[in-house]
Every structure is written in C-alpha cells, then in structure tokens.
Amino acid sequence: MRYDNIHKGTFLSRPNRFIANVEIDGKTEVCHVKNTGRCKELLVEGCTVWLEHSDSATRKTTFDLVAVEKGDRLINMDSKRQTRR
C-alpha cells in the first residue's frame, strides 16, 4: 500500500461511522474514516493511527484515517484499497 502525505496521530473518539477525532501535533482534527465497519477492537482511545492529508478545498475533512497500529501490526483501514503482499 502506498499513500502520499502521511501523518501519525492518536485516536481520540469516533462519534459516528464516517468520522473520527484524532490528535495530530497537539491539535484535534476531525478525520474521515475509510472503513465504515464497527472496528471497535481496533479504534481504541489512545491508539496510534495513520492519516493521509488532502489539499482539496471541496472536502469537509483534511485527513483520511487509513491505518491503525494493533500491537506490532499495521492494519489497513481503507476498505477500498487493496493491500499488497
């Protein structure tokens, strides 16, 4: 998987299935979640998440949540993008 303009963040909460609140560089950002499944075992408060930044002026959010760390694994959260082995 390859993404451009990636940022590391800390997951805070998920008010609904489409958005997450994430702390990035000391600031809380509302991010689009690329996987609308429950993911409660992955998106746990305080976990490390990876976000892709977008410069599009037409978007409601600046970041997409694309991956989450679970133990020593990086889990893809982008349900539309294939992972390569």
Side-chain angles (χ1 to χ4, degrees):
M1 229 174 356
R2 276 221 186 278
Y3 291 97
D4 296 320
N5 210 355
I6 294 296
H7 298 268
K8 186 177 183 178
T10 302
F11 177 79
L12 301 174
S13 65
R14 189 174 182 189
N16 65 48
R17 66 186 187 152
F18 300 104
I19 64 170
N21 295 311
V22 176
E23 183 180 315
I24 307 164
D25 298 326
K27 182 180 175 192
T28 300
E29 294 278 351
V30 176
C31 305
H32 177 253
V33 178
K34 297 280 238 172
N35 186 326
T36 58
R38 288 183 50 193
C39 306
K40 287 189 176 203
E41 67 283 355
L42 297 173
L43 295 175
V44 178
E45 184 179 351
C47 72
T48 299
V49 292
W50 293 91
L51 309 140
E52 183 175 38
H53 182 268
S54 173
D55 290 323
S56 174
T58 60
R59 289 177 49 113
K60 292 181 180 180
T61 63
T62 305
F63 294 95
D64 288 322
L65 193 154
V66 295
V68 60
E69 290 183 10
K70 179 74 173 179
D72 62 347
R73 294 178 181 245
L74 187 61
I75 309 295
N76 176 28
M77 290 292 291
D78 187 345
S79 59
K80 292 186 179 184
R81 197 168 222 177
Q82 290 182 331
T83 54
R84 297 178 193 194
R85 293 184 183 233

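Index from 1, following the sequence. Values reported hereafter were calculated over all heavy atoms of this structure, with side chains retained and with hydrogens, waters and symmetry mates removed.
In terms of heavy-atom proximity, Pro15 sits nearest to Ala20 at CD-CA, 4.3 Å. Contact between Gly9 and Ile24 at its shortest, heavy atoms only, is CA-CG1, 4.4 Å. The two residues Thr61 and Arg59 have their closest heavy-atom pair at O-NE, 2.8 Å. Considering every non-hydrogen atom in both Met77 and Val33, the closest pair reads CE-CG1, 4.5 Å.
Expressed to the nearest 0.5 Å, how far NZ of Lys60 lies from SG of Cys31 amounts to 15.5 Å. Annotation: the span from Asp55 atom CG to Asp4 atom CG amounts to 11.0 Å, rounded to 0.5 Å.
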Under 3.5 Å, which donor-acceptor pairs link side chains of residues 43-51 to any protein atom two or more places apart or in another chain?
residue, atom, partner, partner atom, Å
Trp50, NE1, Glu69, OE2, 3.1

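No single ILVMFWY cluster, assembled from side-chain heavy atoms under 4.5 Å apart, contains both Phe11 and Ile19. Ile75 and Phe63 fall within a single hydrophobic cluster, where Ile, Leu, Val, Met, Phe, Trp and Tyr side chains are chained together by heavy-atom contacts under 4.5 Å.
Not counting sequence neighbours, the partners of Lys27 by the salt bridge (Lys or Arg N to Asp or Glu O under 4.0 Å) test are Glu29.
Every pair passing side-chain hydrogen bond (donor to acceptor under 3.5 Å, both in side chains) that includes a residue from residues 9-19 is listed here, sequence neighbours excluded: Ser13-Asn21.
Side-chain atoms of Lys34 do not come within 3.5 Å of backbone N or O of Asn76 as any donor-acceptor pair.
Side chains of Thr58 and Ser56: a donor-acceptor N/O pair is present below 3.5 angstrom, by distance only.
Taking the ring centroids of His32 and Phe18, they lie at or beyond the 6.0 Å cut-off.
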